[in-house]
2 protein chains.
Amino acid sequence: MARAKKLTQKQDAILNFIEKFSIENPFPPTLKEIAEEFKITLGTVQDHVFAIEKKGFIKRFPDVARGFKVTRPGDNKTQDMADMIPIYGNVAAGEPIFAQENIQGYVTMEKNKAGHKIHFALKIKGESMKDAGIYDGDIVIVRKQDDADNGDVVIALLDDEATCKTLKKTKIKAYLEAANPRYKAIMNRPFSIIGKVIELRRGYVAA
Amino acid sequence: MARAKKLTQKQDAILNFIEKFSIENPFPPTLKEIAEEFKITLGTVQDHVFAIEKKGFIKRFPDVARGFKVTRPGDNKTQDMADMIPIYGNVAAGEPIFAQENIQGYVTMEKNKAGHKIHFALKIKGESMKDAGIYDGDIVIVRKQDDADNGDVVIALLDDEATCKTLKKTKIKAYLEAANPRYKAIMNRPFSIIGKVIELRRGYVAA
DNA sequence: ATTTAAGCCATATTTGTTTAAGGTAAATTA
DNA sequence: TAATTTACCTTAAACAAATATGGCTTAAAT
């Protein structure tokens, strides 16, 4: 079985350069540009690139200018670009949540292949989800959807206020549960789900 | 004032192709590839590309193969504001942490705040920081630095293994503390700090 | 009515980029 | 010890790709 061999130091450095270059520029480098970076000759770069390819870390497109593709074994994720998605502050009841004035900033997120504006972010207020590791001030990234599965952490609209809770579904009914013993479950009030939490982010840099 | 003019249908189609091609391949197309796609000649493509550039939707790099950059005047929020930083897996003692083979993926991060390659990300293993809201499988974003303040969550090198702990500093000595009563503080072993945790990310999408 | 822009074409030239083919030396592996 | 791998080199040739000219037609703008 073609097990992925390890790269040598030099090969690793060159792979690094190719990747960095590809991120900082809209295209991969040429062999010559690699040669210049490392102050070696074209022929030497050929050898290195060939070796790196043989070990399976890049794919080459024959006769194609800048024809590299970094294919780290075990990572099929195409890292193209990022989207900026808005962070909405938690607002008082009655006020519109998705208002332009309510945007507190942006976070970056890997671009999703399909949907476009289906994500947004929300700043968490309060301690009701503390036992699920979601703290006051944390930011959750939400995928818009009007239903979710049992046990999902969701953003629900409750009396016109957005709240973060765990969704519980029984055969009889659905309800919202906090992750903090000091809060009780919300059983008999109407709510609607506006999205599912797909990621949590917490900053440690002092405000 | 050079206001951004609108593209014609044809120009828009070509711009779209360039963008799509750049996403589906690791490099932008050549003029010839565009010509083949639209069944027009090279010269015609030159005209179109020149027009598109003049209207500010792409940037061209002179004499550079595949030297395109799509710069839609609308989404300046997208590209230039994010950096891709690598996620390193937690490795066994003795093995190099910052090796290419150890990169498990990438996360996006807002650019600037600080310098360039001073950030990396690490996947957390274990429950030792659970009471600080850092769970197994979470990803922490780390700023490289060899010292930190009392109370900072840091990544430390302990017997050649990277570990996430809270740094405690007394007048007498510095030590590492877990955030889980089942783990005791690491008091009398040598360690070095490799970075400070500045952000936490947790994915909720099913594995 | 003249100019400008949009779409097209063809050909030639220059530059960019990859590929080919050979060689040297030191370190590692069989 | 012989064979392989790594890391370099040089030179030439082939191919890829961008650029330079120049010319054609139609529709819209001044």
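Naming: A, B, ... by sequence-line order, numbering from 1 per chain.
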**Fill in**
Considering only heavy side-chain atoms of A:Ile40, the closest of D:dC8, D:dT19, C:dC8 is D:dC8
**Prompt:** Among side-chain atoms of B:Lys173 and B:Asn188, is any donor-acceptor pair under 3.5 angstrom?
**Reply:** yes
**Prompt:** A:Phe50 CZ to D:dT5 C1': how many Å, rounded?
**Reply:** 13 Å
**Asked** Taking only N and O in the side chain of B:Thr8, is any of them less than 4.0 Å away from OP1 or OP2 of C:dG7?
**Response** yes
**Request:** Verify the contact: side-chain N or O of A:Gln11 to OP1 or OP2 of D:dA7, cut-off strictly under 4.0 Å; return yes or no.
**Result:** yes
**Cationic tip of B:Lys54 above B:Phe50 ring, under 6.0 Å, 45° of axis** = no
**Asked** Separation of A:Phe21 atom CZ from C:dT17 atom C1', in whole Å?
**Response** 13 Å
**Request:** To the nearest Å, give me how far apart CD (A:Gln9) and P (C:dA27) are.
**Result:** 15 Å
**side-chain N/O A:Thr44 vs D:dA7 OP1/OP2, d < 4.0 Å** = no
**Request:** Establish, with yes or no, whether the OP1 or OP2 oxygen of C:dA6 is under 4.0 angstrom from a side-chain nitrogen or oxygen of B:His48.
**Result:** no
**Item:** Given C:dT17, D:dC8, C:dC8, the nucleotide with the shortest approach to the side chain of A:Thr30
**Value:** C:dT17
**Message:** Consider ring pair (Phe, Tyr, Trp, His ring centres under 6.0 Å). Of A:Phe61, A:Phe21, A:Phe68, which one does B:Phe27 pass it with?
**Reply:** A:Phe61
**Request:** Answer yes or no: is there a side-chain heavy-atom contact under 4.5 Å between A:Leu7 and A:Phe57?
**Result:** yes
**Of A:Lys32 and A:Gly43, the one whose closest DNA chain C nucleotide lies more 5'** = A:Lys32
**Prompt:** Going by distance alone, is a donor N or O of one side chain under 3.5 Å from an acceptor N or O of the other, for A:Thr163 and A:Lys165?
**Reply:** yes
**Prompt:** What's the CG-P distance between A:Leu31 and D:dC15, to the nearest Å?
**Reply:** 17 Å
**Asked** Taking NZ, NE, NH1 and NH2 as the nitrogens, is one of them in B:Arg182 or B:Glu127 under 4.0 Å from a carboxylate oxygen of the other?
**Response** no
**Request:** Name the closest nucleotide to the A:Leu42 side chain, picking from C:dT18, D:dA17, D:dA7.
**Result:** C:dT18
**Item:** Whole-Å distance separating the CD atom of A:Glu36 from the P atom of D:dC8
**Value:** 16 Å
**Request:** Ignoring backbone atoms, test whether B:Lys10 places a side-chain nitrogen or oxygen under 4.0 Å from the OP1 or OP2 oxygen of C:dC8.
**Result:** yes
**Asked** What nucleotide among D:dC8, C:dC8, D:dA17 has an atom nearest to a side-chain atom of B:Ala65?
**Response** D:dA17
**Fill in**
Ranking C:dG7, D:dT21, C:dT17 by distance to the side chain of B:Asp47, first place goes to C:dG7
**Item:** B:Lys59 NZ to D:dA18 C1', straight-line distance once rounded to whole Å
**Value:** 16 Å
**Asked** Taking the side chain of B:Gln46 as its heavy atoms from C-beta onward, which of D:dA20, D:dA7, C:dC9 lies nearest to it?
**Response** D:dA20
**Prompt:** Within the pair A:Arg60 and C:dT19, is there a side-chain N or O less than 4.0 Å away from OP1 or OP2?
**Reply:** yes
**Message:** Distance check needed: D:dA17 C1' versus B:Glu37 CD, whole Å only.
**Reply:** 18 Å
**Message:** What's B:Asp63 touching, base or sugar-phosphate or nothing? Going by heavy atoms closer than 4.0 Å.
**Reply:** sugar-phosphate
**Complete:** Out of D:dT19, D:dC9, C:dC8, minimum distance to the side chain of A:Thr41 belongs to D:dC9
**Asked** CD1 of B:Ile34 versus P of C:dG7: gap in Å, rounded?
**Response** 15 Å
**Asked** Would you say a side-chain N or O of B:Lys55 is under 4.0 Å from OP1 or OP2 of C:dA6?
**Response** yes
